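The structure appears right after this line, and notes come after that.
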Amino acid sequence: MKFLESNVGGITPHNLKASIQLFNEIRRKLQEIYNDRPKWPTRISGSDFARMIRAGYLMDRQRYLQLLDDLLKALPEKKGRAEILFLFFSRGT
């Protein structure tokens, strides 16, 4: 526990709860995208979706959640695959 606190910061019940809520929300957004992929088969391929998941391992979690929100808002619009991927990956840096 001391190692974590020295490298990550103080671990409090509040911080732990906030982190769990953030990760749960990310999981919900990914599940929503996964479930909706059949509606737009040409917009997000399986490999694109896998890259989105991998991107979440490296990104700030708050930023990642925002990108997932932006993506979910853009998917119903008549945008092509390239535009959708550009939206996600260009803003993720």
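Only this structure's heavy atoms are used, side chains among them; waters, hydrogens and symmetry mates stay out. All figures in this text were calculated on a predicted structure; none of them were measured in a lab.
- The one candidate from Ile26, Leu22, Leu58, Asp69 that meets the side-chain contact (heavy atoms from CB on, under 4.5 Å) condition with Tyr64 is Ile26.
- Ile20 and Leu68 fall into different hydrophobic clusters, defined by Ile, Leu, Val, Met, Phe, Trp and Tyr side-chain heavy atoms under 4.5 Å apart, directly or through other members.
- Within the 4.5 Å cutoff, the side chain of Ile44 has no heavy atoms near those of the Asp36 side chain.
- The line from OG of Ser47 to CZ of Arg54 is 8.5 Å long, rounded to the nearest 0.5 Å.
- Arg63 and Asp60 get closest at one heavy-atom pair: N-OD2, 3.0 Å.
- Using modelled atom types, no side-chain atom of Asn24 and backbone atom of Gln21 make a donor-acceptor pair closer than 3.5 Å.
- In this view, Glu32 satisfies the side chain to side chain donor-acceptor pair (under 3.5 Å) rule with no residue, not counting sequence neighbours.
- Annotation: Phe49, atom CZ; neighbour count of heavy atoms from other residues, nucleotides and ligands within 6.0 Å is above 12.
- Residue pairs satisfying the salt bridge (Lys or Arg N to Asp or Glu O under 4.0 Å) criterion with at least one member in residues 14-25, sequence neighbours excluded, are listed as follows: Glu25-Arg28, Glu25-Lys29.
- Residues Leu71 and Phe23 do not share a hydrophobic cluster, clusters being chains of Ile/Leu/Val/Met/Phe/Trp/Tyr side chains in contact below 4.5 Å.
- Going from atom CE of Met59 over to atom CD of Gln66 covers 10.5 Å, rounded to the nearest 0.5 Å.
- The CG atom of Asp48 sits 11.5 Å away from the CD1 atom of Ile33 when rounded to the nearest 0.5 Å.
- Met52 places none of its side-chain heavy atoms less than 4.5 Å from the side chain of Leu67.
- Interatomic distance, CG of Leu65 versus CG of Asp70, reported as 9.5 Å (0.5 Å rounding).
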